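This report concerns only the one structure given below.
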Amino acid sequence: MGRCLGLRSVILVWVAAAEAAAVVAASGPRQTVLALPSNMVPSPITSQGHHWSSSSATYISRPKLVEVVNGLLGVMKLPPTCAIPYEHSAPEEVAANNAWLAKYPSALASFDQIITNAQGKKIALFLDYDGTLSPIVNDPEKAFMSPEMRTAVKNVAKLCPTAIVSGRSREKVFEFVKLKELYYAGSHGMDILDKESKLFQPASEFLPMISEVYKSLVEATRSIKGANVENNKFCVSVHFRNVDKKDWKLVAEIVDNVLKAFPRLKLTTGRKVLEIRPVIDWDKGNAVEFLLQSLHLDDPESFLPIYIGDDQTDEDAFKLFRKWNYGFGILVSQVPKETEAIYSLRDPSEVMEFLNSLVRCKEKSPSMIKNDISVRAV
Ligand SMILES: [Mg+2]
């Protein structure tokens, strides 16, 4: 009963703050769920690969609902629609944006500073896909990146080890990016292919459950015009961008209702999308840490990781860099919002400019950024 009322509260709050990205975990009485060991980063890749075995798993408690709701309310305090000022922006919006930019400076304006920090080090680049390399579009199947962006990513990948870290399935994001020079971590980092074409899938035991919840959600949302359920292999996305606003609450209630049968799955929210994924202690931050270790790029004296992303889920990577006190998180956003990133970029076109700047920098100073990492195909 408590769980039911709690979730209803979360849904109501979420609907009110639908523009804000926030995390809502499934609630309920404390229960144990499968998670990775406290030392969650596997050792460097071996010939055996890293298929996760539940026999070595430990168990954690799910977050208390109150903590989740407090986190959500924290997000709600942010200015929800305070756009980057253009000519017609209100003075208070301009002031809010300037204050935000002072806190999270443009990575383009701060490019020299970033490069100074990279002096003598190899840059390892991590890129989210949707909203970072491609524009956010109404139809998630049509989130294509431009040929110019693809060229920029390809060029920078020749200079820096570069990975795509996306909520999409690994196969789907590769279909969009189409570059074999990159590493790919799909399903929020739960599906990684290493350079020797070995898989690391810490949530592999959840595959049947994800498939089942996907079918249930497709069926349950069939009557909601514009609702789009996407199977991202280790997670499921329910897009409501094309759903009439009056039905957003209904979508959330339907998803909540379906999830009651899946206590080992949790709900997170993104940009007009509800995402269902396993309750395991593994996120994009873990994926970045795993890739850095497995590629032997984790010596802070020699390497500088940079992560560019626009999603709430990218915050886990930004937090990791803050904790390490090295590496740069760059948030892509046109609105001021709280973030663990260090720098900001406004949109994918600025991301492309940043990538091109890295390439030009290499041309000017070949020894500054180097790449001796062999590449592999998906
Ligand atoms: Mg994104």
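When a ligand or atom number is given, it counts from 1 through the structure's own listing order. All figures in this text were calculated on a predicted structure; none of them were measured in a lab.
For the pair I210 and P278, the minimum side-chain heavy-atom distance is below 4.5 Å.
Excluding waters, the set of protein N/O/S atoms under 2.8 Å from the Mg ion (ligand 1) reads D128 OD2, D130 O, D310 OD1, D311 OD2.
Between F206 and F234, the distance from one ring center to the other does not fall under 6.0 angstrom. Remark: aromatic rings of Y307 and F328 are distant, center separation not under 6.0 Å. For F354 and F111, the gap between ring centers is short of 6.0 Å.
Here R346 contributes atom CZ and S106 contributes atom OG; the two are 9.5 Å apart, rounded to the nearest 0.5 Å.
Considering every non-hydrogen atom in both V177 and R150, the closest pair reads O-NE, 2.9 Å.
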